[in-house]
Protein chains: 2
Amino acid sequence: MRRLSHYLRALEGFDRNGGGTVSSEELASKGHTTAAQVRKDLSHFGSFGKRGLGYGVSELVDRLRAILGVDRAWRVVLVGAGRIGSALFEYPDFKARGYDCVAVLDSDPHKIGAKWGNTTIRDTAELEAVVVREQIDLVVLAVPAVAAQEVTDRAVRAGIKGILNFAPVRLKVPAQVPVEDVNLVMELEALSFRITRGGASE
Amino acid sequence: MRRLSHYLRALEGFDRNGGGTVSSEELASKGHTTAAQVRKDLSHFGSFGKRGLGYGVSELVDRLRAILGVDRAWRVVLVGAGRIGSALFEYPDFKARGYDCVAVLDSDPHKIGAKWGNTTIRDTAELEAVVVREQIDLVVLAVPAVAAQEVTDRAVRAGIKGILNFAPVRLKVPAQVPVEDVNLVMELEALSFRITRGGASE
DNA sequence: CTACATTTGTGAAGAATTTCACAAGCAGCC
DNA sequence: GGCTGCTTGTGAAATTCTTCACAAATGTAG
Ligand SMILES: NC(=O)c1ccc[n+]([C@@H]2O[C@H](COP(=O)([O-])OP(=O)(O)OC[C@H]3O[C@@H](n4cnc5c(N)ncnc54)[C@H](O)[C@@H]3O)[C@@H](O)[C@H]2O)c1
Ligand SMILES: NC(=O)c1ccc[n+]([C@@H]2O[C@H](COP(=O)([O-])OP(=O)(O)OC[C@H]3O[C@@H](n4cnc5c(N)ncnc54)[C@H](O)[C@@H]3O)[C@@H](O)[C@H]2O)c1
């Protein structure tokens, strides 16, 4: 469920404002759903929250973190030190959420050996070794489309647990390895689709 | 429907390989759905495709382009010439799809006046003027979260038609203005969610 | 022209998701 | 303790999305 992430985001806003509890109504108003939806979603994972009061903010944050798996550190390798790769590498929110970019790989001899902060860009040839030695959980794939499948296959064989893919191709992976695709062109197409047909309907 | 974009992507692969027609079966195998789904989706917009044969590739491409609104050029302004902004600006697939980044704005005096290719970074203060004068359709928002709502409000007032938002906030907009959010942290959370619960289930 | 092999378009069945509605639980107050 | 005012948790209804199944169309081959 994608909405759980939204709830977590919204809750963190409340947390800072000292509030002790939130009602499903309040949670729904952020994160654009209904109160009933919020309750259904949460009840699906257990029943926290006190009747008559609402949900304890910090308790619910902890629960959601556990459900989403953000209550631990994830070790990430970035493959492809290009434009998108560098933007992602420096994005502070990843680290803040426990996604630790412990290695950066590229195949371009001009880039290998360069330093980004304290991190040295290494050769993609080391992928398998890095995954195993550094106990990598996730790959962020920011290589050109033609290279994406090959890198994927090698990462999967090395025992990676999941892939965030920016290349506009559908990766073939075994069913146990989840892939999330980010395709910016598709987002723009969704926009123009919604504009050309009148319906807004977020 | 997000799947239409996938169909278009898949079709373009076929197009180059000279093929005259595709069956719903073939389209389904790429883009991970079923043949029935493909037919339902397409029939919802009219009935092209010949029984016994399949869909004419180039005709279907044209139809999908029209449905998605990619059969025209979209004029885009990029607001926020930071790390993500620069990656997006240079991303060739946007232009290839008809999304033309005709202006780049930023509020940082050190960046204003710099050139990216032939494009000069201008002051965000000019936003309204640019939207009107350059007939901008879409805003790509790549500014820090705190600035996002303000830029949005101004763009909306200036008559923007849609927003692609990279800032991790839920923008308040009138119902006629569609917003697509890109939130990379949420993608990673979706990954770790799927990993921690066993289910792959793309 | 007729039989045949395909593949679409679509109503109907089935599944999944969302909304409704309300009993049950909790805190505060008298 | 016994009301009162809220808010959760959750079956049941409603809605939306997906799959099934098959008649209707189209090209081909004999
Ligand atoms: N730039 C964007 O805004 C953007 C947006 C969405 C998606 N993407 C996608 O992200 C990918 C990268 O885009 P980019 O703009 O950063 O491109 P880029 O050319 O700037 O960077 C690609 C990097 O990958 C490296 N590389 C190539 N083959 C490799 C391999 N086999 N192993 C390791 N590294 C390899 C290259 O040396 C280069 O450094 C592309 O698939 C692109 O379609 C980019
Ligand atoms: N870097 C990433 O990989 C990444 C990924 C996802 C989302 N984001 C989001 O994208 C946004 C930008 O991230 P970034 O990493 O590019 O940050 P950045 O700091 O590199 O760039 C932000 C740019 O916006 C400019 N800016 C600030 N206020 C402005 C205003 N009012 N008008 C116009 N320009 C203004 C700044 O001068 C700067 O150039 C943030 O909201 C961030 O959360 C970034």
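In what follows, chains are A, B, ... by sequence order, proteins preceding strands, each numbered from 1.
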* Asked: Excluding sequence neighbours, so at least two apart, what forms side chain to side chain donor-acceptor pair (under 3.5 Å) with B/K161?
  ->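 Expected list: B/D137.
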* Structure fact -> Sequence neighbours excluded, the answer for side chain to side chain donor-acceptor pair (under 3.5 Å) partners of A/R65 is A/E12
Rounded to whole angstrom units, what separation is found between the [atom1] atom of [X] and the [atom2] atom of [N]?
{"X": "A/E59", "N": "D/dT8", "atom1": "CD", "atom2": "C1'", "answer": "13 Å"}
{"X": "B/F45", "N": "C/dT10", "atom1": "CZ", "atom2": "P", "answer": "14 Å"}
{"X": "A/D41", "N": "D/dT10", "atom1": "CG", "atom2": "C1'", "answer": "14 Å"}
{"X": "B/E25", "N": "C/dA5", "atom1": "CD", "atom2": "P", "answer": "18 Å"}
{"X": "B/H32", "N": "D/dT18", "atom1": "NE2", "atom2": "C1'", "answer": "14 Å"}
{"X": "B/R2", "N": "D/dC17", "atom1": "CZ", "atom2": "P", "answer": "14 Å"}
{"X": "B/F48", "N": "D/dA25", "atom1": "CZ", "atom2": "P", "answer": "19 Å"}
{"X": "A/H44", "N": "C/dT17", "atom1": "NE2", "atom2": "C1'", "answer": "11 Å"}

Quick one: list whatever passes side chain to side chain contact (heavy atoms under 4.5 Å, CB included) with [X], sequence neighbours left out.
{"X": "B/T119", "result": "B/F89, B/V104"}
{"X": "A/Q149", "result": "A/T152, A/D153, A/L171, A/K172"}
{"X": "B/V38", "result": "B/Y7, B/S24, B/L27, B/A28, B/T33, B/L42"}
{"X": "B/E59", "result": "B/F48, B/R63"}

* What residues, two or more places apart in sequence or in another chain, satisfy ring-ring contact (aromatic ring centres under 6.0 Å, His included) together with A/Y91? ->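 Partners of A/Y91 by the ring-ring contact (aromatic ring centres under 6.0 Å, His included) criterion, ordered by chain and then number, come out as A/F94.
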* Asked: Distance check: side-chain N/O of A/S24 vs OP1/OP2 of D/dT7, anything under 4.0 Å?
  -> no
* For B/Y55 and D/dT26, is the shortest distance between a side-chain N/O and OP1 or OP2 below 4.0 Å? -> no
* Asked: Is A/R154 salt-bridged to A/E150, going by a charged N under 4.0 Å from an acidic O?
  -> yes
Using atom names, set out every protein N or O paired with an N or O of nucleotides 3-6 of chain D below 3.5 Å, distance rounded to 0.1 Å.
none

Report, one pair per line, the protein and nucleotides 19-21 of chain C atoms (nitrogen or oxygen only) whose separation is under 3.5 Å.
residue	atom	partner	partner atom	Å
C/dT19	OP2	A/T34	OG1	3.4
C/dT19	OP2	A/Q37	OE1	3.4
C/dT19	O4	A/K40	NZ	3.3
C/dA21	N6	A/R39	NH2	3.4

* Given D/dT18, C/dG9, C/dA27, the nucleotide with the shortest approach to the side chain of B/S47 -> C/dG9
* Take B/A35 and A/M1, find for each the nucleotide of DNA chain C with the closest heavy atom, and name the residue whose nucleotide sits nearer the 5' end. =>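 That would be B/A35.
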* Structure fact -> Test side-chain contact (heavy atoms from CB on, under 4.5 Å), reference B/E180, set B/I163, B/L138, B/N165, B/L164, output is B/L164
